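A short write-up of the structure that comes next.
Please read these numbers as outputs of a predicted model, since none were measured by experiment. All residue numbers in this chain count up from 1 along the given sequence.
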Amino acid sequence: MIKLQKLYSAVFILFLNSSIVFAQNNDTSPYILGNGVQVASLPLYLGGYVSLQYKNKENSKSYSLDDIAFLGYGHVNKFSYMAEFEFHNLYLKTSTNGTSKVQHNTFLHVERLYADYTFNENYMVRFGKYNSPVGFWNLTPINVLRDTTSNPYSSLIIYPKFTTGLLGQYVNYQHNTVQIDVIGQYNANLDDDTYNNYSVDEHFGLGVTYTKNDLNLKFNVGSFKEGPLHVKSKRRYYALVSLLYEKEKYKVMGEFGTQKSKESLITKYAGYIQTTYLFAKKHAAIVRLESYNSVELSQKDNIAIVGYTYRPLYPIACKVEYQLHSVHTENQVLFSFSMMF
């Protein structure tokens, strides 16, 4: 699988370079930052994003070129597709108690690689590697589009962030909107297993979203197994309830979930509530309250986060946040700069 992934990556980079040159020589429309560039009249748009991050904790500091990603996407009639390849922590420098260490990760990951077929306004099917449609936070994986640099723990320890397999979706627009998502994976991951938060070769899930005006409510349940297929491993079950309420000036998000096996609880609970307020054009204030209790990690924590985001343009974000933890050694300040192109 790793050799195949490297082949995909090499072909994509070669194709990306040649396509950008071709697009620059043939495209007459003005370029808009964040929208990518169309390759002539082909159903292909090329773009990407970059993210830089600084973290300051009690006994350590780190500087990282956190993400460099390349995107290719488009649609033809009822078919659409997305290809995203990413360098994660291409450069990472950490300083702990006066000792510095530099790491380079030059492996190009397959972040997303999928194709959609839309039968009509109600039914869609997807095949490939995609962000698991669990909750609302996991559907916004790109730093520049999120309100904070950090991710809540509920998005890291409850369910697999990525799924490689099938996704079926049904949407009913009568009166209020109801959306049903069905996840199915019974095959190996399309990438290095360490890139996902769980090494998953089997994942099944169901999600139901109810939307009325500005309010979105969602419920997800699922199960997955770690490790290769046909190898005995612990089956995990998860459940997550989510809320999203969005107006022009403010947004409220919340998620609360749990994970267990047949024998015992693995994560007793993990959840957050976050409010984002646009107090001036291009300026937003964020407050997030978060709590989790992981039996598997023997960790529990209560976290209060205060953040500020400045967007000189929508596809550019400068963020700062301060995290106050009940586990005081985890207190930290985060800065990030991210941009889509």
Side-chain angles (χ1 to χ4, degrees), residues 33-36 47-55 62 64-71 73 82 84 86-89 109 111-112 130-162 195-197 216 218 220 240 242-257 270-279 281-290 292 303-323 332-341:
L33 185 67
N35 288 358
Y49 58 90
V50 62
S51 175
L52 308 173
Q53 182 174 303
Y54 168 74
K55 181 187 298 185
S62 67
S64 65
L65 182 50
D66 189 45
D67 293 317
I68 298 181
F70 307 98
L71 301 171
Y73 55 94
M82 164 71 77
E84 180 180 351
E86 177 178 299
F87 291 107
H88 182 61
N89 279 335
H109 296 278
E111 178 88 0
R112 291 179 286 180
Y130 51 87
N131 288 94
S132 303
V134 181
F136 295 112
W137 190 279
N138 201 51
L139 299 179
T140 311
I142 300 175
N143 186 349
V144 69
L145 301 178
R146 298 196 307 260
D147 293 320
T148 60
T149 300
S150 64
N151 295 297
Y153 279 87
S154 60
S155 67
L156 303 175
I157 61 175
I158 297 292
Y159 54 87
K161 293 193 298 181
F162 298 103
Y195 189 60
N196 204 352
N197 57 330
N216 300 269
K218 192 171 188 179
N220 290 96
L240 188 82
S242 312
L243 173 148
L244 172 62
Y245 184 77
E246 190 167 12
K247 302 292 284 187
E248 183 179 357
K249 289 288 187 179
Y250 66 91
K251 177 171 64 176
V252 178
M253 290 181 67
E255 298 181 346
F256 184 87
Y272 73 92
I273 184 77
Q274 175 173 296
T275 300
T276 302
Y277 178 64
L278 189 66
F279 62 89
K281 187 177 181 180
K282 304 178 181 180
H283 302 269
I286 302 98
V287 175
R288 184 165 83 229
L289 300 178
E290 190 174 344
Y292 73 92
I303 310 162
I305 296 173
V306 179
Y308 162 73
T309 297
Y310 170 62
R311 295 183 184 275
L313 298 170
Y314 183 75
I316 299 176
C318 303
K319 305 176 189 177
V320 59
E321 65 182 80
Y322 176 70
Q323 299 184 4
Q332 59 186 295
V333 178
L334 287 175
F335 295 89
S336 72
F337 170 82
S338 52
M339 179 178 68
M340 292 191 72
F341 52 87

Pair S150-E321, side-chain donor/acceptor within less than 3.5 Å: yes

Of V144, T148, L278, I286, the residue whose pairing with T309 passes side-chain contact (heavy atoms from CB on, under 4.5 Å): I286

According to side chain to side chain donor-acceptor pair (under 3.5 Å), who are the partners of [X], at least two apart in sequence or on a separate chain?
| X | result |
| --- | --- |
| N143 | S51, K319 |
| N216 | T211 |
| Y49 | E84, E86 |

Side-chain heavy atoms of [X] within contact of [Y], under 4.5 Å:
| X | Y | answer |
| --- | --- | --- |
| Y292 | I303 | yes |
| L240 | S242 | yes |
| D67 | E111 | no |
| I316 | F341 | no |
| N89 | D66 | yes |
| N138 | P133 | no |
| F87 | F70 | yes |

If I compare all heavy atoms of [X] with all of [Y], which pair ends up nearest, and what's the gap?
| X | Y | result |
| --- | --- | --- |
| I158 | A270 | CD1-CB, 4.0 Å |
| A284 | T276 | CB-CG2, 4.2 Å |
| P315 | G34 | CB-CA, 3.9 Å |

Within this structure, what is the [atom1]-[atom2] distance for the pair [X] and [Y], rounded to the nearest 0.5 Å?
| X | Y | atom1 | atom2 | result |
| --- | --- | --- | --- | --- |
| K55 | S336 | NZ | OG | 11.5 Å |
| S338 | L52 | OG | CG | 8.5 Å |
| Q274 | L289 | CD | CG | 9.5 Å |
| H88 | I68 | NE2 | CD1 | 12.0 Å |
| L156 | N151 | CG | CG | 5.5 Å |
| L244 | M253 | CG | CE | 5.5 Å |

All salt bridge (charged side-chain N to carboxylate O under 4.0 Å, His left out) counterparts of E290, not counting sequence neighbours: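 So E290 forms a salt bridge (charged side-chain N to carboxylate O under 4.0 Å, His left out) with R288.
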
Those residues that, when tested against Y130, pass ring pair (Phe, Tyr, Trp, His ring centres under 6.0 Å) (two or more places apart): none

For Y250, all residues meeting ring pair (Phe, Tyr, Trp, His ring centres under 6.0 Å), sequence neighbours excluded: none

Backbone N/O of L139 and side chain of N131: donor-acceptor pair under 3.5 Å: no

side-chain contact (heavy atoms from CB on, under 4.5 Å) between Y314 and L145, worked out: CA-CA 9 Å; Y314 183 75; L145 301 178; 3.9 Å; yes

Member of F256, F136, W137 meeting the ring pair (Phe, Tyr, Trp, His ring centres under 6.0 Å) criterion with Y272: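 Checked F256, F136, W137 against Y272; only one passes ring pair (Phe, Tyr, Trp, His ring centres under 6.0 Å): W137.
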
